[in-house]
Chemist: 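Please find one structure pasted underneath; my questions will follow.
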Amino acid sequence: MKRGGCFCPFSINLNLRIMKNMAKSILFCLFCLVSISSMSQQMNIYSDFPGGNILIDKIKGDTIWVRPDLRDTEGDWFYWYFAVSNAEGRKLTFVFNKPNQFTKMGASISTDGAKSWQWQGGDAVEKNRFTYQFASNSEVRFSMGIPYTQENFDSFMKQFKGNRWMWQSALCQTKKGRTAELVKIKNPFKVPNMKVLVTARNHACEMMGDYLMEGIILEVMNNAWLKENVEFVFLPFMDKDGVEDGDQGKNRLPRDHNRDYSEISVHETTAALRKMEPLWSENKLKIALDLHCPWIKNVDNEHIFLTGSDNKEMERKQLVFSDILEKNKKSELTYFTSGMALSGKLDWNDPKKSLPKGDSFQKWSAKIPGVDMTTTIEFPYSYNSGQVISAQNAVDFGKDVAHAMELYLKQLEK
Ligand SMILES: [Zn+2]
């Protein structure tokens, strides 16, 4: 009965079905798709789907020791996403090998093939572990966040098929042959005076940026003034390969995508954007916005905030935009300018520390001729000043961001 060599009592077999990056791995069970058989049923634990990420260190009875696959990440990070099926009646405990692998809301769980997600709750996490009782053999997905991959984006974009205000094309092909999407919203009847650039997933694991982007797109398509007067370019997956492969992305070696905006870019998407931008913007780019998620712990990260620029004039404009957002926001998630990560306020946005690694999107875009305001929104994975974040309220907040852009751009026009 024993085939995989795991410590599995009760004649549970471990049967490796798929192994990714086997040569790199020195792990006990390797990672990815693992099948465990018992006398009565076969349970599967796997991550061989878009965005999937898990390493399995050990299985003993109903306890499974796991950890995120850091791959080419410098230092530690926390993104993981896996599925379990054929586990009816079992109560499995997943033990992570270290702290800081969960947000305040604990594991995120989907029982409908990643269409919708519910937080298990922070109270369910004890000593880096959580337990789940399986009611049926159907697949259950688990993640530290609310995953968003190309499949989500394709599904979202279907509603705009044939719409003459919207064009979908490609920024470029990635190293692994995938298409990095580019969406343009443009008045088909008039040349606009203003342009806006919005990017997400410069850090692959920071999926909430794409929920925000959906909200921004929805509001723009529903907002007569923005559609009439502003041309938008949206780049939903700056690290497309990382998103689909389930990479951390943050602190990627040899270069983090969000440090790849100076000298010679090593990534296809950042290189393509830097090449496209001068041709496209024509001195009309007014706002450049990059969407991120902060780290998962500490009160400094558990609220929505803008990242301040070390250029004081730029930071002043960011504060103006932030005040507009705070005062005109309609959706349920709270937002306060007082929570902004002003330059030098926190250790991680000390400009002296990030410079040697290369320019971020924000720093690069601030140098684009004609640009007025460039900033980063840091949107938490699960928790915003006492409020629980969902896919829907993230989309709704994105609509507020687009509305704030409208008001900000109208001020510029005066
Ligand atoms: Zn980031």
Side-chain angles (χ1 to χ4, degrees), residues 51 53 68 70-81 100 103 143-149 180 197-213 216 234-243 245-253 255-262 265-267 269-270 273 288-298 300-310 318 339-343 345-351 353-355 357-366 374-384 389 394 397-398 401:
N53 176 311
L70 298 176
R71 296 174 198 160
D72 54 1
T73 308
E74 181 184 18
D76 196 16
W77 215 240
F78 49 74
Y79 176 75
W80 51 269
Y81 177 21
N100 300 328
T103 71
S143 180
M144 54 64 61
I146 311 174
Y148 190 107
T149 63
L197 173 63
V198 185
T199 52
R201 312 300 282 273
N202 268 298
H203 292 141
C205 72
E206 297 173 11
M207 77 291 277
M208 299 315 294
D210 277 321
Y211 292 101
L212 252 63
M213 187 177 283
I216 297 171
F234 295 92
L235 302 170
F237 301 112
M238 285 306 294
D239 182 3
K240 181 67 180 292
D241 286 336
V243 168
D245 290 345
D247 293 350
Q248 310 293 327
K250 177 79 173 179
N251 296 330
R252 181 192 286 287
L253 294 170
R255 210 172 189 196
D256 182 316
H257 280 66
N258 204 32
R259 294 290 178 270
D260 200 28
Y261 288 87
S262 55
S265 294
V266 303
H267 300 294
T269 49
T270 40
L273 175 54
L289 173 63
D290 195 22
L291 303 169
H292 285 255
C293 302
W295 193 52
I296 53 173
K297 294 281 182 185
N298 299 341
D300 285 341
N301 296 309
E302 290 170 338
H303 62 95
I304 306 164
F305 61 94
L306 263 55
T307 305
S309 170
D310 58 343
Q318 293 171 332
M340 246 182 90
L342 298 171
S343 179
K345 180 179 167 186
L346 299 165
D347 192 50
W348 58 261
N349 77 338
D350 182 341
K353 290 186 180 168
S354 62
L355 278 174
K357 292 181 177 175
D359 284 357
S360 64
F361 173 92
Q362 180 169 315
K363 198 163 185 66
W364 163 76
S365 58
T374 173
T375 192
T376 303
I377 294 181
E378 297 279 0
F379 190 93
Y381 293 94
S382 78
Y383 192 77
N384 178 52
I389 286 171
F397 188 82
V401 171

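Whatever order the structure lists them in is the order used to number ligands and atoms, beginning at 1. What you see is a predicted model, and the numbers here were worked out from it, not measured in a lab.
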Chemist: Output the atom name for the N/O/S atom of His203 with the smallest distance to the Zn ion (ligand 1).
Modeler: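 Checking each N, O and S atom of His203, the shortest distance to the Zn ion (ligand 1) belongs to ND1.
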Chemist: Identify, by name, the N, O or S atom of His292 lying closest to the Zn ion (ligand 1).
Modeler: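 Closest N, O or S atom of His292 to the Zn ion (ligand 1): ND1.
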Chemist: One thing to verify: whether Arg252 and Asp239 come together as a salt bridge, which I'm taking to mean a side-chain N less than 4.0 angstrom from a carboxylate O.
Modeler: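 Counted as a salt bridge, because a side-chain N and a carboxylate O are separated by less than 4.0 Å.
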Chemist: Below 2.8 Å, any N, O or S contact between Cys293 and the Zn ion (ligand 1)?
Modeler: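 Not a single backbone or side-chain N, O or S atom of Cys293 is under 2.8 Å from the Zn ion (ligand 1).
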Chemist: Using side-chain hydrogen bond (donor to acceptor under 3.5 Å, both in side chains) as the criterion, point out the one residue from His292, Gln362, Gln318 that pairs with Thr376.
Modeler: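 Exactly one candidate clears the test, Gln362.
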Chemist: Which single N/O/S atom of Glu206 lies at minimum distance from the Zn ion (ligand 1)?
Modeler: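 Going by distance to the Zn ion (ligand 1), the closest N, O or S atom in Glu206 is OE1.
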Chemist: Flag the pair Asp256 and Lys357 as a salt bridge only when some basic side-chain nitrogen lies within less than 4.0 angstrom of an acidic carboxylate oxygen.
Modeler: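 Not counted as a salt bridge, because no side-chain N and carboxylate O are separated by less than 4.0 Å.
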Chemist: Under the criterion side chain to side chain contact (heavy atoms under 4.5 Å, CB included), which of Leu273, Thr374, Thr270 is the partner of Trp364?
Modeler: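 Single pass found, and it is Leu273.
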